[in-house]
Structures are given as structure tokens and as C-alpha cells.
Amino acid sequence: MTVEQQKKYNYWQWRTLIVLMLGYAFYYFVRKNFSVVMPALEAELGITKVQLGLFLTLNGIIYGLSRFANGFLADRFSRRKLMSAGLFLSAAANFFICFSPAMDSFVDVLDTEGKATLALVYVIGSVWVLNGYFQGMGVPPCMSLMAHWIKPQELATKQSVWNASHSIGAGLISVICAFILDHYGYSAWQMCFAVPASIAVVGAFVLLFALKDTPSSVGLPELEDMDDAAASPAEQKKETELTGAAFKRFISRLVFRNPLIWILAVSNFCIYVVRFTILDWGATFLTQYKGMEISHAGSVVAASEIIGGIAGMLIAGWFTDRFMKSRAHRTCLFCTIGATVSFFLFWKTPSDMNWLASVFLCLSSFFVYGPQALLGIAASNQATKHACATANGILGVFGYASTTVSGLGFGYLAQHFGWNSVFMVSVIVGVIGSVVIATMWKAKADGYEKAEEILQEIDRENLR
């Protein structure tokens, strides 16, 4: 690669990374706003914890299935169009929920006391479940784009930088919604859907016009040709194309029949239970179990995301490339143990020591976001750039299947047995996750050597 090409590549690589960070943070604006507004929906509309938990569970299941389905699309079609469409549709779903009480003019969605009838519960729940599908259009394009723009030996560090968008988006929307509810009262819950949706619409157009799908689309060589310094554009190899039966065979060997992908997927299920206990129920159990004000609770959740989460994932990514020789799964083991211990200490902290409880919650997020970022990176490296979105789709299914536990399950436990039962189950799941990821300790850092063997087999068969 010439000096001029290297400069151009560096520009587009960082431009892609920054735009993806911005875009996915906006995805969280129209997704995690629901978690902060749940106490208001319970107080203003009378929606129960079990119903709210059911919304979270169904949303998570549909989200996971959507990530799996859109993983196939992201590996084969335009990633920028897929990602921008998902953000726009998610914003539309939030606008619909915002204005859903206005349906009372046509259908009885509010009773005489202004509480939600079963009809409004169905409407809000159904739209939020549909929003889960739209949200699933976000991660697969990101994973595929980064695998196309970032070399495998740099992926843990740079994808961890991108992964900060989770915490930035969740943290900022926690602050925004907590401010709205604290300043205007719980009756202003609709603003918590309208404001982030408006921002997301702008973000959808930014994604559409600022991203490019591959280096070759801007006249640069693909990653596998980067060392060809003397190659001219005409001499550079085209990106390996896998279509039809060849693509299915490659996916089968490197993803569906790869035991490492399934170990990562089960580990993802466990870490997401702990993560969603904090993220989805944080504002609720901090107010109801620890006795905090909603503004304080929102700030603690935001701090755990922005400070704890971002620091955790950045350090985990750097530590992986610097000390673990890009073996992300090894770092995940240390982080899963740390998250489980920190959350246990948060649980056992006395309610009159909320400052210490806040510290342990931030530490939990610090450790949670290491594997939350690195499990996907490990899957991308094991499946290679040709199938990374599909592999991450499987992790997404398992990760968001965890909402059967963290959503409906924890809503039921909290309502009927109290928050102690929720915390106990979370800690047990964290221990299981540590054991599972430990079985992968000796695995290689990536699957590119295996992928090359498969591609050579496919090429030989095509020549026959």
C-alpha cells in the first residue's frame, strides 16, 4: 500500500468507526429510554412490573432473532442502508408509543382515572416488541463493517472503542429521561419517547450518507491486500465473494458447526442476564430497594454506563491486544468473575450506604462491558470477516434470550418475592457464565487459518 493509500485508509477507517459509534449510540436513545421511563409507566398508567417485564422479555427475544436474521443480510448486502433503515423505523416506533394515549378519542385506551386499559397495554407492548426487530438491524452491520475495515490483530482495541457507544447512548438517555421526569414529573413520560426519537431520525440520515460498505467502494484495497504496497488499483485482488452453495458451506463449517461459537453464545447469555439486571431494572430497584430519588437513580445508572462501562470496555480491549495476544475469551473470563463479585457486593451493601452501593454498581458495569464487547469480537475473529455478522447473530439470539430471565422472570420475582431473589439469581448466572467461558481458555485468537483452508477447498471444487 502506498503512503497516499495508507492516509486515505486511516481516514476512512476512523471515519467509519466514529460514525458507527454515533449511530449506535442513537440506537440506544430509542431503546434504553424505556428502562428509565418504566417507573413512570407504572405510576401514571398503572402498568405492572410483570407486564413491563413481559415487554422487556418479548422485545429481547425478537431483538435476538432480528440480529440473527439481519446477520445474514449484513454479510451479503449493503450494511449502511440496513443500519440507517433500522434506526429510522425504531424512531417511528417511539413516536407511536408517545402518541398512543391520543387513541382514546377512537378506542378506550384510558379508564376514568387516566390509567391504561388492557387495550393500551397491548398497544404499547406490541409496538415495543416490534421495536425489538428494528433494533436488531443495528449490530450486524456494525460488526460486518468493522471486520471489513479493521485488521484482526487490531479488532479488540478498536471495536472496544466502538462498543463505548452502548454506554454513551444508554448513559446519555438515562440522564435525559431522568431530567425530564424529575423536572416535569412522571406525567411527562411521553417526552421520554418523543425527544430521543427526534434525535434518532437525524442520526438515520447521517448513517446513510456518511458510511461506505467496504474499502474497495472508495478505491482502496481490501484488508487481505493491505501488504501489497506496490500493487496498483488494477492489480489489487477483489474481495473474496461467497455466494449460493459456497456461502452456505462456509457458514456451516465456520459458524454453525464451530463449538467455539456456541461456547461464546452461552457465555453471552449469562453476561447479558447480569447486564440487563443493571440496565433494564437499575432505575427501578435503586428507587424501590435502595430508596434513592429518581434523579439520583438515573445519575447512578448513567455513571455506571458512561464511567464504568466505557472504562471497562476500553481497558478490556487494550488488555486483550496488549497482554492476551488478541485472545479475547481469556479477558472475558476475568471480567465475568469480576462482574459477578461486584454485583454480589452491591446486593449486600446496606441501604444506608448508597454511596458504596453506587460504587459497586459502577464496578459491575466496568466488568460487564468487557465481555459484552469482547464476546462479539471473539466471535468476529473466529468466524472471520466473511461470516462475522452471522456468528454475532447467534450470540445475539442467546444474549437477548436472556431477557426471559432478566425481563419477565425478574419482573415476576421482584413483584412476588422481592428484589433479593432477583439479585441471587443474577449472581448464580454469573458464576455459571464464568465456568462456561473458562472451557475456551486454550482456543486460538482467530479462525482465519481455518477459514483459508475452507476457502481453498471451495476453490478446488469450483475448478473441477
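The figures that follow rest on heavy atoms only: side chains count, while hydrogens, waters and symmetry mates do not. No experiment lies behind these values; they were computed from the predicted model shown.
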>> Between Ser342 (side chain only) and Ala339 (backbone N and O only), is there a donor and an acceptor less than 3.5 Å apart?
In response: no
> Distance-only, no hydrogens or angles: does the Ser217 side chain make a donor-acceptor pair with backbone N or O of Thr214 under 3.5 Å?
Replying inline: yes
> What class does the angle between the rings of Phe344 and Trp347 fall in, given that below 30° is parallel, 30 to 60° is tilted and above 60° is perpendicular?
Replying inline: perpendicular
> OG1 of Thr336 to CG of Leu375: how many Å apart, nearest 0.5 Å?
Replying inline: 6.5 Å
> What do you reckon, are the aromatic ring centroids of Trp128 and Phe55 less than 6.0 Å apart?
Replying inline: no
> Under 4.5 Å between any side-chain heavy atoms of Leu73 and Asn70, yes or no?
Replying inline: yes
>> For a side-chain contact (heavy atoms from CB on, under 4.5 Å) check, start with the C-alpha distance between Thr390 and Phe256, then their side-chain angles and the critical distance, and finish with the verdict.
In response: CA-CA 9 Å; Thr390 302; Phe256 293 108; 4.2 Å; yes
>> Quick one: does any side-chain atom of Ser434 pair with a main-chain N or O of Gly430 as donor and acceptor, under 3.5 Å?
In response: yes
> Looking only at heavy atoms, what is the nearest atom pair of Ser100 and Val123, with distance?
Replying inline: CB-CG1, 4.2 Å
> Could you state the interatomic distance from CZ (Arg80) to CG (Leu207), rounded to the nearest 0.5 Å?
Replying inline: 10.5 Å
> Do side-chain atoms of Asn33 reach the backbone of Cys192 as a donor and acceptor pair under 3.5 angstrom?
Replying inline: yes
>> Applying side-chain contact (heavy atoms from CB on, under 4.5 Å) to Ile278 and Phe343, what does each step give before you reach the verdict?
In response: CA-CA 9 Å; Ile278 300 170; Phe343 195 70; 3.8 Å; yes
> Between Gln5 and Leu220, is a side-chain contact (heavy atoms from CB on, under 4.5 Å) present by the stated rule, with each step listed?
Replying inline: CA-CA 7 Å; Gln5 285 179 323; Leu220 289 169; 4.2 Å; yes
> Going by distance alone, is a donor N or O of one side chain under 3.5 Å from an acceptor N or O of the other, for Ser380 and Asn392?
Replying inline: yes
>> Does Lys290 qualify as a cation-pi partner of Phe346, given the criterion of NZ or CZ under 6.0 Å from the six-membered ring centre and within 45 degrees of its axis?
In response: yes
> Would one find more than 12 heavy atoms of other residues, nucleotides or ligands at under 6.0 Å from atom CZ of Phe205?
Replying inline: no
> What is the minimum heavy-atom distance between Pro196 and Ile173, and which atoms define it?
Replying inline: CB-CD1, 3.7 Å
> When you look at Gln190 and Phe193, which way does the side-chain contact (heavy atoms from CB on, under 4.5 Å) test go after all the steps?
Replying inline: CA-CA 5 Å; Gln190 289 165 282; Phe193 290 99; 5.6 Å; no
> Using 30° and 60° as the class limits, which term best fits the ring planes of Phe276 and Tyr272: parallel, tilted or perpendicular?
Replying inline: perpendicular
> Any donor and acceptor pair, going by atom type alone, linking the side chain of Gln135 with main-chain N or O of Ser90 inside 3.5 Å?
Replying inline: no
> Given side chains that start at C-beta, do those of Ile61 and Thr404 come closer than 4.5 Å, heavy atoms only?
Replying inline: yes
> When rounded to the nearest 0.5 angstrom, what distance separates CD1 in Ile124 from CZ in Phe96?
Replying inline: 10.0 Å
> If we only count heavy atoms from C-beta on, is the Phe410 to Ser426 side-chain gap below 4.5 Å?
Replying inline: yes
>> Quick check: do Tyr186 and Pro39 have side-chain heavy atoms less than 4.5 Å from each other?
In response: yes
>> Any non-hydrogen side-chain atom of Leu20 less than 4.5 Å from a side-chain atom of Met83?
In response: yes
> Taking the six-membered ring for Trp, is the centroid-to-centroid distance between Tyr289 and Phe423 below 6.0 Å?
Replying inline: yes
>> On a heavy-atom basis, which atom in Ala357 and which in Thr349 lie closest, and how many Å separate them?
In response: N-CG2, 3.7 Å
>> Working to the nearest 0.5 angstrom, can you tell me the gap between Arg330 CZ and Lys325 NZ?
In response: 8.5 Å
> Is the gap between the ring centers of Trp318 and Phe323 under 6.0 Å?
Replying inline: yes
>> Using only atom types and a distance under 3.5 Å, with no angle test, would you say the side chain of Ser66 pairs donor to acceptor with the backbone of Ile62?
In response: no
> Would you say the side-chain atoms of Thr57 pair up with the backbone N or O of Leu54, donor to acceptor, closer than 3.5 Å?
Replying inline: no
> Rounded to the nearest 0.5 Å, how far apart are SG of Cys332 and CG of Leu264?
Replying inline: 7.5 Å
> Parallel, tilted or perpendicular: which fits the ring planes of Phe29 and Phe26, with parallel below 30° and perpendicular above 60°?
Replying inline: perpendicular
> With no hydrogens and no angle check, is any side-chain donor or acceptor of Gln382 less than 3.5 Å from a backbone partner on Leu254?
Replying inline: no
> Between Val255 and Ala387, what is the shortest heavy-atom contact and its length?
Replying inline: CG2-CB, 3.8 Å
